[in-house]
Amino acid sequence: MNSFFDNSSNIHSDVTNVDDQLIENMTNDKAPACELDQEFDTGIVQPKTTKKLERDHEILREFEHVIGPRNISANPAKNSHYRKGWRSGGGEALAVLFPQDLVGLWGCIKLAVQHNLIIVMQAANTGLTEGSTPSGDDYDRPVVVINTLALDDLHMVNQGTQVISLPGATLHKLEEKLADIQRAPHSVIGSSCLGASVVGGISNNSGGALVKRGPAYTEMSVFAKIDEHGKLILVNHLGVDLGNDPDTIISNLATGNFAKNSLVQGKRQASDKLYQARIKDVDANTPSRFNADPRRLYEASGCAGKIAVFAVRVDSHPIAQQEASFYVGTNDPTELYQLRRRLLTELDELPEVGEYMHREIFDIAEKYGKDTFLSVLHLGTKRLPKMFAIKSRVDGFFNRFNFLPKYISDRIMQIGSKLFPQHLPKKMLEYRNKYEHHLVLKLSDSTIERGREILKESFADSVQGSFFECEPDEAKRAYLHRFAAAGAAVRYHTIHDKRVGDILSLDIALPRNELDWVEEFPAEIEQHLEKKLYYGHFFCHVFHQDYILKKGSDPVLVKKKMLAQLDSRGAKYPAEHNVGHLYEAESPLKQFYKQLDPTNSFNPGIGKMEKTQRNCGCCL
């Protein structure tokens, strides 16, 4: 297996020839297009030449033959959910494709390359930086969005210590499957959104709320890329013998026809093994983790959709046998800083969770995240991604009518949430009134008793802060309240859109030794801010910061000044959600993207890079 693993790197498929017979069969086939003709012909939102319309129509016909007409949406009114970002952004697309198996996905990618189309890979579309949708309508080639959520198989390997995930499998599904064998995934319920996929997390080097895990990372994957000559290449670095040609590899992967135990991984890693030592280095003047960290850019990891990932192999983790949660409040941010240092350096094992909330986002989440809180509490997370997709379609329909308020579903749900009683525990509300800064802390197994001692010692003589140990229901509600924070910021902005300006969202990583972690702005920035909403992963020193601007303030100018201040503090951004179309990629990240995608055919424009095609082959 070592020999196979080390030598199975690149399998070439020249797409200018591979599908000649298939294309010929498509051209001769006169089968009806079902709903596609009607959707496509009535869905054009901008004038197109007859020749271009005919070309687009023929391309869609070919996709029909690969995945069927019911798995193609070319009507902008019906597919807007998949062309718009979770918070912002969006653009035009020739179609949104929904392959139902890996063979269909491979066929879609081959056709897209054959016709020189831009490919935007997408799973749950839960990113916050517009990176999993088109951006605008200024591309130089037609765009297709390929949604992979239907491809959600998970394969336990090596007795469940590792998992092979297909591109649509969600963290929630993985968590459920691993729970049966007392294992856990890299991350659990998202810190910012529901329904996030395993591959999406790897592609964005996402972090999360679990202190021990670090960024989502693996060096083991199967992916397709386009080389500098325009050839489609399938790469198998999964460490699994799937065959020797692309179609066989895809077929075996799709059907699970491969060995699942005693798999050797060689020198490749399936998680970030060095992160625990890194986060414990509390005196370092660099952040513990951020998206563009060159140490964690590797093929699928950090790829941001610049390749098409078919599968990843990731480690699972043991579930704690015993857990205890604590709620900490203080008016002195230095107390939290010192507590963080002690818990990271004095405990034998790292804490499980350490989630921070400022009082202002506490209040916003209590009021504007209540429906999300109650939905997760009573329905769980399994149904919610579909509910949000339905919500998006409803909004897309009603937003067309100018006489109605935008995002009417949010307004209805906000009114409905007022009908329910107070959902937060009494102790949390008391701490909200006493303290500005809040920390929800989870310890496990051997760290619990020593953690209690550190908490008692830290607040024994404090007049600024205190803590209490949570009952199970209090702990559950505290974590859900923290989770509801991100959506609450967006809801607040939606409800008050007539009187406030734009919403500006940053996620930043501060140096590990940053004592003055609470942000302070000069008057030239402060004057533009209506609300400052801070929450994040405190032990990693990673913070989500949402700013509601005052009406008339220029978000571009304000953001530029904020980023300049962050640069002076040694911060890195984004920390968890990748550059998308909102941030400029640093030089090492740009080079990584170019190496993965020399022709700029996958997700062009991210990192504020060019959207136009590159073809290095012509220069060789």
Side-chain angles (χ1 to χ4, degrees), residues 33 35-64 67 69 71-99 108-109 111-149 304-306 308 389 392-393 395-402 406-407 579-582 597 599-613:
E35 302 173 325
L36 182 59
D37 286 338
Q38 296 174 358
E39 286 196 8
F40 180 61
D41 290 343
T42 61
I44 300 300
V45 294
Q46 290 189 355
K48 295 185 178 182
T49 64
T50 301
K51 186 175 181 180
K52 189 174 189 308
L53 278 172
E54 291 176 350
R55 177 181 180 272
D56 290 350
H57 190 85
E58 181 57 34
I59 291 172
L60 292 175
R61 288 280 195 182
E62 294 183 19
F63 280 120
E64 268 189 51
I67 59 174
N71 297 316
I72 301 172
S73 179
N75 184 339
K78 294 184 178 181
N79 64 26
S80 62
H81 169 70
Y82 304 95
R83 294 184 294 102
K84 293 183 178 179
W86 190 69
R87 276 191 174 176
S88 63
E92 294 185 1
L94 175 64
V96 181
L97 311 177
F98 301 90
C108 287
I109 291 172
L111 271 180
V113 176
Q114 175 76 28
H115 289 287
N116 195 28
L117 306 179
I118 286 171
I119 303 168
V120 176
M121 299 298 300
Q122 180 188 94
N125 191 20
T126 57
L128 302 184
T129 56
E130 307 178 8
S132 55
T133 60
S135 181
D137 57 0
D138 56 342
Y139 294 97
D140 61 345
R141 292 150 286 166
V143 178
V144 289
V145 178
I146 304 181
N147 183 281
T148 63
L149 269 188
K306 299 300 287 183
S392 179
R393 293 189 190 102
D395 286 333
F397 176 79
F398 285 106
N399 283 349
R400 295 182 297 173
F401 303 103
N402 293 329
K406 298 299 182 184
Y407 303 104
V579 291
H581 290 281
L582 297 183
D597 184 23
T599 64
N600 205 25
S601 297
F602 285 99
N603 213 10
I606 60 167
K608 296 190 179 295
M609 297 172 68
E610 73 275 15
K611 292 182 175 180
T612 52
Q613 187 167 20

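Only a predicted model underlies this, so the values are computations on that prediction, with no experimental measurement involved. Values reported hereafter were calculated over all heavy atoms of this structure, with side chains retained and with hydrogens, waters and symmetry mates removed.
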Output the distance between atom [atom1] ([X]) and atom [atom2] ([Y]), rounded to the nearest 0.5 Å.
X	Y	atom1	atom2	result
L111	I59	CG	CD1	9.0 Å
D56	H115	CG	NE2	10.5 Å
E64	L60	CD	CG	8.0 Å

In chain order, what residues pass the side-chain hydrogen bond (donor to acceptor under 3.5 Å, both in side chains) check against D140, with sequence neighbours excluded? none
Can you list the residues that meet the side-chain hydrogen bond (donor to acceptor under 3.5 Å, both in side chains) rule with S80, with sequence neighbours excluded? none
On a heavy-atom basis, which atom in [X] and which in [Y] lie closest, and how many Å separate them?
X	Y	result
Q613	N600	CA-CB, 4.5 Å
N603	G305	CB-O, 3.8 Å
N79	S73	ND2-O, 2.9 Å
R83	P76	NH2-O, 2.8 Å
P134	V143	CG-CG1, 4.0 Å
F63	C108	CE2-O, 3.4 Å

Quick check: do [X] and [Y] have side-chain heavy atoms less than 4.5 Å from each other?
X	Y	result
S88	E130	yes
P142	R55	yes
T133	V145	no
E62	Q114	no

Return yes when atom OH of Y139 has more than 12 non-hydrogen atoms of other residues, nucleotides or ligands closer than 6.0 Å, and no otherwise. yes
Tabulate below the donor-acceptor pairs under 3.5 Å that side-chain atoms of residues 604-611 make, not counting sequence neighbours, or state none.
residue: E610; atom: OE2; partner: R614; partner atom: NH1; Å: 2.5
residue: K611; atom: NZ; partner: S135; partner atom: O; Å: 2.4
residue: K611; atom: NZ; partner: D138; partner atom: OD1; Å: 2.5

Got a donor-acceptor contact below 3.5 angstrom from the N125 side chain to the K84 backbone?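 Answer holds: yes.
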Side-chain donor/acceptor pairs under 3.5 Å, residues 117-124, sequence neighbours excluded:
residue: Q122; atom: OE1; partner: N147; partner atom: ND2; Å: 2.9
residue: Q122; atom: NE2; partner: Y82; partner atom: O; Å: 2.8
residue: Q122; atom: NE2; partner: S132; partner atom: O; Å: 2.9

